[in-house]
Amino acid sequence: MAVCPRLGGGAVGEEVHRVAADAGCRDDSEQATTRLSFVRDSQAAGLTLAEIRSVLALRDSGQAPCMEVGTLIERHLADIECRMSELRAARAALREARAALREPARRAVATDPDRCTDGDIGTVLARPAGSGGTE
């Protein structure tokens with residue numbers, strides 16, 4: 001049965017179908033299910049609602065959206081590759097920091113509160129000399 005938001009939801013009976021049709025609502029449940037599946041699959045693949053809307057608008061206008069979808073996929077893959085690279089770098093920095101925390105004897109002198117100066121702030125997170133970081 002059709003559910004028409006302009007009627008405040010669905011109801012039972014032929015009269016409701018007639019009123020819904022008069023209000024511009026359609027009972028294309030298979031088409032709606034297919035469209036909803038496309039939206040959910042697209043969101044799961046990382047497309048934004050705006051991108052999905054643009055693909056659906058192309059299709060609704062009678063154009064094949066294949067090239068647009070291909071472009072979106074390529075863009076999202078590039079974004080994911082970039083983000084993964086950034087995450088790998090962050091993971092490496094955190095692993096170094098964790099390793100430094102596990103070496104209290106070596107770092108204790110550098111971080112002794114009685115001898116700590118403004119230049120010593122963040123020495124646990126700072127990369128040791130020669131570790132490949134920027135000094």
ask   = Would a 4.5 Å heavy-atom cut-off, applied to side chains only, mark Ile52 and Thr48 as touching?
value = no
note = When rounded to the nearest 0.5 Å, the distance separating CE of Met67 from CG of Leu72 is 12.0 Å
task = Under the side-chain contact (heavy atoms from CB on, under 4.5 Å) rule, what do Glu51 and Arg75 come out as? Steps first, then yes or no, please.
result = CA-CA 11 Å; Glu51 291 167 334; Arg75 186 180 324 143; 3.7 Å; yes
request  = Could you tell me whether the side chain of Ser85 and the main chain of Glu81 form a donor-acceptor pair under 3.5 Å?
outcome  = no
task = Report the distance from atom CZ of Arg91 to atom CG of Leu94, rounding to the nearest 0.5 Å.
result = 10.5 Å
ask   = Is any side-chain heavy atom of Leu56 closer than 4.5 Å to a side-chain heavy atom of Val39?
value = yes
remark   = Rounded to the nearest 0.5 angstrom, the OG-CG distance for Ser42 and Leu49 is 9.5 Å
request  = Could you state whether Val55 and Leu77 fall into the same hydrophobic cluster, counting links through intermediate Ile, Leu, Val, Met, Phe, Trp or Tyr residues with side-chain heavy atoms under 4.5 angstrom apart?
outcome  = yes
Enumerate, atom names and distances included, each donor-acceptor pair closer than 3.5 Å involving a side-chain atom of residues 58-66, sequence neighbours excluded.
residue: Asp60; atom: OD1; partner: Arg35; partner atom: NH1; Å: 3.0
residue: Asp60; atom: OD2; partner: Arg35; partner atom: NH1; Å: 3.4
residue: Asp60; atom: OD2; partner: Arg35; partner atom: NH2; Å: 2.7
residue: Ser61; atom: OG; partner: Ala57; partner atom: O; Å: 3.4
residue: Ser61; atom: OG; partner: Leu58; partner atom: O; Å: 2.7
residue: Ser61; atom: OG; partner: Gln63; partner atom: NE2; Å: 3.3

Closest non-hydrogen atom pair, His76 against Gly46 = CE1-O, 2.9 Å
